[in-house]
Structure formats: C-alpha cells, structure tokens
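The structure under discussion appears below in the form of structure tokens.
All chains are named by letter (A, B, ...) in the order of the sequence lines, taking the proteins before the strands, and each is independently numbered beginning at 1.
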2 protein chains.
Amino acid sequence: MSNRRTSPLAAGKAAPAPASPWRTSGARLRDRELKRDAVIRAAAREFNRNGYHNTSLDDIAAALQVTKPTVYYYVTSKEQLLFECFVAGVEQIRAAFREVRQLPLPARERLNAVLRHYGEAVASEFGWCMVRAEDQDLPPAMSRHIKSLKSEVDQGIRRLLREGIQDGSIEACDPKMTAFALAGALNWIAHWYREDQSLTGAQIATAFVTVFEGGLRPRRGALRMNAGARPRRARGALAR
Amino acid sequence: MSNRRTSPLAAGKAAPAPASPWRTSGARLRDRELKRDAVIRAAAREFNRNGYHNTSLDDIAAALQVTKPTVYYYVTSKEQLLFECFVAGVEQIRAAFREVRQLPLPARERLNAVLRHYGEAVASEFGWCMVRAEDQDLPPAMSRHIKSLKSEVDQGIRRLLREGIQDGSIEACDPKMTAFALAGALNWIAHWYREDQSLTGAQIATAFVTVFEGGLRPRRGALRMNAGARPRRARGALAR
DNA sequence: TAGCATTCCTACCCGTGAGTAAAGAAACAG
DNA sequence: CTGTTTCTTTACTCACGGGTAGGAATGCTA
C-alpha cells in the first residue's frame with residue numbers, strides 16, 4: 001500500500017558503493033525519503049545475498065551501520081521491506097510496457113523490447129525480491145497486491161503475443177504457455193545472475209530473445225552436417 | 001550424505017491420499033524405510049505448500065499424525081529433509097539423461113525427451129524442493145553437493161545442445177545461454193504449477209518444447225503482410 | 001538559548017521453532 | 001512371561017529474531 005511519493009527508487013542501477021546516508025557525512029542528514037530508499041536498497045542487497053528468511057533486520061541495520069530501531073523508524077515491518085523491494089522491481093517492468101505501448105512496431109518487436117527490459121529488471125538489485133517474493137511470507141493484503149501485479153505483467157505478455165499472432169509477426173502459438181515459458185526463462189536469471197555476472201541483464205535478455213525468436217529447429221530446412229553454421233543476420237529495418 | 005539404500009522414493013507420482021504408514025493400520029508397522037520415505041514425502045508436500053521456512057517440523061509431524069520426535073527418529077535435521085527432497089527430485093532428471101543417452105536419435109529429439117522428463121520432475125511433488133532449495137539454507141557439505149548436481153544437469157543440457165548443433169538438428173546458438181533459458185522456463189513451472197494444475201508436467205513441457213523448437217518468428221516468411229502494423233487501435237495514421 | 005521536532009540508540013520483551021532427554025508403549029525373541 | 005529392541009511420546013531447553021519502550025542526541029526555529 002502507501003504509494004510513496006516519487007522517490008526515484010526504481011530504475012536505478014545497483015550502486016557498487018553502498019553510500020549510506022549515515023556515517024558518510026559528519027553531520028546528521030534530515031532527508032527522510034533518501035534514507036528510506038537507502039534502507040530498502042540495503043534490504044534488497046541483503047535479501048539477495050542471504051535470502052529473505054536468513055536475513056535479520058539486524059543484518060540490514062548493520063549493512064547501513066545503524067541499529068535495528070533506526071530501520072524501524074523508516075519502515076514498519078520486515079514484510080513491508082520485502083513488499084517494497086518487489087514493487088520497485090516490478091515497476092521497472094510495468095514502465096517497459098507503458099513505454100512500448102506507443103511504438104509503431106510489430107508486436108514481436110515490442111515484445112522483444114519488453115523482454116529486454118524485463119531481463120534488466122531481473123538482473124537489477126531488486127530482481128531477486130521481485131522474483132522470489134513468496135506470497136506466503138506476506139500478509140494477505142500485500143500478497144494480493146503482489147499477485148495482482150504479477151498477473152498484470154503476465155497478461156501484458158500474453159496480449160503482445162496475441163497481437164503478434166494477429167499482425168503476423170509471431171508464429172501461431174498458445175499465448176498462455178508461451179508467456180509462461182518466456183517469463184520463466186527470464187525470471188530464472190535471478191537465480192544464477194548473482195554467481196555469474198559476466199553479462200548484463202540486457203545482454204542476457206537479448207541472447208534469450210534470439211533463442212526464442214529463432215527456435216532450436218534449424219531455419220533453412222537442410223540438415224547439413226557442420227559447415228552451414230551461419231548465425232542470424234536478419235531483421236534489417238525494425239530491430240534495434 | 002548417507003546415500004540410503006534403494007528406497008523407491010524418486011519417480012513416484014504424488015499420492016493424493018497421504019496414506020501415512022502410521023494411523024492407517026491398527027498395528028504398529030516396523031518398516032523403517034517405508035516410514036522414512038513417508039516422512040520425506042510429507043516434508044516435500046509441506047514445503048511445497050508453505051515454503052521451507054514457513055514449515056515447522058511440528059507441521060510435518062502433524063501432517064503424518066505423529067509428533068516431532070518421531071520425525072527426528074527418521075531424520076537428523078530439517079536441513080537433511082530439504083536435501084533429500086532435492087535429491088529425490090533431481091534424481092528423476094538424471095535418470096532421464098541416462099535413459100536418453102542410449103537412443104539412436106538426433107540430439108534435438110534426445111533433448112526434447114529430457115526436457116519432457118524435466119518438466120515432469122518439476123511438476124512432481126519434489127519439484128518445489130528441487131527448484132527452490134537455496135544453498136544458503138543448507139550446511140556447506142550439502143550445499144556443495146546440490147550445486148554439483150545442478151551443474152551436472154546444466155552441463156548435460158549444454159552437451160545435448162552442442163551435439164545438436166554438430167549433427168545439424170539444432171540451429172547454431174550459444175549453448176550456455178540457451179541452456180539457461182530452457183532450464184529457467186522449466187524450473188519456473190514449480191512457481192505456478194501449484195495454482196494451476198490444468199495440465200500435467202509432461203503436457204506443459206511438451207508445449208514448451210513446441211515453443212522452443214519453432215521459435216516466435218513465423219516460419220514461412222510469407223506471412224509478413226502488415227509488418228508495420230499499428231499497435232493497438234492506433235487512431236491516427238502511422239505516426240512515423 | 002530556550003523550546004520543539006526529528007532522528008537514533010540502549011535495553012528490553014516474548015513468541016517461535018529446532019532440537020533433546022528420558023521415559024512409556026508396542027513388538028519380538030527366547 | 002521376561003528381557004530386549006524398536007518405536008513413539010511427554011515435557012522440556014535454548015537461541016534467535018521480530019518488534020517495542022523510553023530516553024538521549026541532534027538539528028531546526030525563534
């Protein structure tokens with residue numbers, strides 16, 4: 001609940017330096033919104049590192065070089081922390097949908113753009129929370145809210161698939177299953193990205209999109225032994 | 001650790017009726033292996049329902065109509081419970097690899113067979129544990145073991161992809177990214193299958209395989225009629 | 001500099017849940 | 001029927017962690 005004012009929490013790249021608003025300058029800051037965001041970011045980092053249940057509020061406080069009651073000064077419960085991390089993550093994806101809705105492109109291109117942003121979101125600092133937030137860990141109201149947001153994203157993908165089938169840019173398929181497959185592949189990034197950051201989220205998503213678009217079955221019918229390995233080089237006009 | 005004797009734990013379909021070895025017959029059973037399996041199955045069901053951290057051993061005991069020390073009579077820790085559930089799940093997938101290795105089929109066909117079994121495993125009663133077991137929840141030794149098993153499966157998929165590219169049955173692609181995409185899509189089934197069991201795991205996997213094989217881009221290029229199509233009900237003309 | 005609001009900490013409460021000790025109930029062997 | 005083994009329970013211990021009370025420090029305003 002409690003749609004905060006426009007704190008620029010979403011869409012931020014993970015700051016390598018924690019840069020806590022505490023202990024950085026000698027004087028005590030009075031920017032509430034800033035500190036609140038820092039608390040949520042720190043929570044996201046700790047959740048991402050240890051998991052929600054293996055992270056205590058003392059851990060989060062320690063990461064900020066602060067004590068637990070200080071955290072509670074900015075947040076009312078651990079659940080709220082998880083909830084806000086989730087929302088921050090999913091908001092990036094919703095933004096992608098809004099952004100793409102305007103573009104005069106075939107649905108497949110718009111879908112690809114959304115999927116790329118999706119991948120970036122999952123690889124962001126809030127990715128873990130967005131993907132792994134379990135509704136059983138949250139009170140009913142938050143759980144419902146999360147489910148609703150997840151469903152919105154799912155329906156958005158299905159809609160783009162249907163539009164693509166309509167306008168001929170996407171092969172006929174079952175939108176529901178296809179959406180599950182796409183979202184699943186991207187969501188799963190959150191599981192291994194922590195260990196292997198050799199690519200950015202957008203790069204991963206682009207690689208995935210290539211697979212999804214082309215499919216495993218060879219395009220140009222011939223079942224040639226070796227030699228024919230020619231990567232894709234199609235889509236001139238609209239891509240990019 | 002402690003590789004139990006060959007208890008037929010894996011490969012079993014979820015028994016709708018719990019069928020606890022306790023409280024079913026009047027006399028007290030003395031089959032240790034049977035009861036141990038029942039404990040692990042019950043744990044898997046409860047973990048699947050509430051999540052690992054939201055499941056107490058009292059819950060598991062209650063599900064078996066037994067008390068907590070009884071559970072500890074068959075198992076040494078909660079961690080072991082999770083570990084064994086994981087192993088039971090992943091064992092189904094390893095079996096699929098072994099089975100398929102013999103078949104005289106192009107690699108793509110063998111891959112598809114593995115993926116179908118993979119989907120069944122994820123949709124099985126151990127699917128949740130296999131997919132969501134977090135290494136942070138387990139002691140180092142078990143964590144290493146799990147990582148090793150996961151890696152084995154990953155490498156198995158990559159190998160099939162490489163073989164497929166070699167024998168021409170699979171379009172050239174990046175095996176690592178493609179394997180991540182495939183496994184991710186299938187793993188993610190565990191997240192929504194609980195809520196939507198309208199299809200079996202094998203059916204879902206088959207649907208996924210169809211998507212993966214064909215890809216989203218239309219096969220016969222002819223269908224590219226209105227490529228620059230308007231997005232959803234664009235009022236004005238093509239806004240450039 | 002008094003006075004007020006904001007921010008933060010020390011010191012606590014207490015429910016929960018993993019894990020155990022020790023004794024009781026059933027089966028089995030002789 | 002007696003002793004022994006196997007299984008199950010009652011009745012605990014104890015650490016951990018979410019959350020809070022109340023007060024101290026700091027900054028803002030006049």
Side-chain angles (χ1 to χ4, degrees), chain A residues 5 20-40 42-43 46-47 49-85 133-134 136-139 142, chain B residues 5 20-40 42-43 46-47 49-85 133-134 136-139 142:
Chain A
R5 264 213 315 285
S20 162
W22 296 267
R23 314 292 162 169
T24 49
S25 60
R28 190 191 264 179
L29 284 190
R30 299 203 81 167
D31 190 333
R32 193 160 215 280
E33 234 27 61
L34 181 73
K35 293 188 186 172
R36 207 187 118 91
D37 285 359
V39 167
I40 293 172
E46 294 302 307
F47 292 160
R49 180 179 295 290
N50 309 318
Y52 177 69
H53 290 281
N54 294 320
T55 299
S56 71
L57 280 166
D58 284 308
D59 292 336
I60 296 169
L64 293 163
Q65 292 178 292
V66 156
T67 58
K68 185 167 56 171
T70 298
V71 172
Y72 274 100
Y73 182 70
Y74 293 97
V75 140
T76 70
S77 68
K78 192 183 181 186
E79 281 115 358
Q80 196 196 8
L81 231 29
L82 179 60
F83 177 76
E84 303 238 7
C85 290
E134 305 243 24
Q136 320 124 349
D137 295 335
L138 294 177
M142 291 182 182
Chain B
R5 264 211 316 284
S20 163
W22 296 268
R23 316 289 164 170
T24 48
S25 60
R28 192 192 263 180
L29 284 191
R30 301 204 76 164
D31 190 332
R32 192 161 216 278
E33 236 24 63
L34 181 73
K35 291 188 187 173
R36 207 188 118 90
D37 286 358
V39 167
I40 293 172
E46 295 302 308
F47 292 160
R49 179 179 296 289
N50 308 318
Y52 178 68
H53 290 282
N54 294 320
T55 299
S56 72
L57 280 165
D58 284 307
D59 292 336
I60 297 170
L64 294 164
Q65 292 178 292
V66 156
T67 58
K68 184 166 58 171
T70 299
V71 172
Y72 275 100
Y73 183 72
Y74 293 98
V75 139
T76 71
S77 68
K78 192 182 180 186
E79 281 115 358
Q80 195 195 9
L81 230 30
L82 179 59
F83 177 77
E84 303 240 7
C85 290
E134 305 243 24
Q136 319 124 348
D137 294 335
L138 295 176
M142 290 182 183

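Contact check, B:Thr70 against D:dT8: no side-chain N or O comes under 4.0 Å of OP1 or OP2. Between A:Tyr74 and the phosphate of C:dT7, there is no side-chain N or O to OP1/OP2 separation shorter than 4.0 Å. Here B:Thr67 reaches the OP1 or OP2 of D:dT9: one of its side-chain N or O atoms lies under 4.0 Å away. For C:dT7, the OP1/OP2 oxygens have a side-chain nitrogen or oxygen of A:Arg32 closer than 4.0 Å. OP1 and OP2 of D:dT8 both lie 4.0 Å or more from every side-chain N or O belonging to B:Tyr73. Note on B:Lys68: every side-chain N or O is 4.0 Å or more away from OP1 and OP2 of D:dT8.
The two residues A:Gln136 and B:Arg49 come nearest to each other via the heavy atoms NE2-O, 3.5 Å.
Between A:His53 atom NE2 and D:dG18 atom C1' the separation is 13 Å, expressed in whole Å. Nucleotide D:dT9 holds its P atom 14 Å from the CG atom of B:Leu57, rounded to whole Å.
Scanning atom types as modelled, no donor and acceptor separated by under 3.5 angstrom connect the side chain of A:Lys78 and the base of D:dG19.
Counting only N and O atoms by type, the side chains of B:Asp137 and B:His53 include a donor and acceptor under 3.5 Å apart.
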(message) Go through it in stages, so that I can follow the logic: the residues are A:Ile60 and A:Phe47, the test is side chain to side chain contact (heavy atoms under 4.5 Å, CB included), and I'd like the CA-CA distance, side-chain angles, deciding distance and then a yes or no.
(response) CA-CA 9 Å; A:Ile60 296 169; A:Phe47 292 160; 4.1 Å; yes
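Within the nucleic acid shown, A:Thr55 comes within 4.0 Å of sugar-phosphate atoms alone, with no base atom in reach, counting heavy atoms only.
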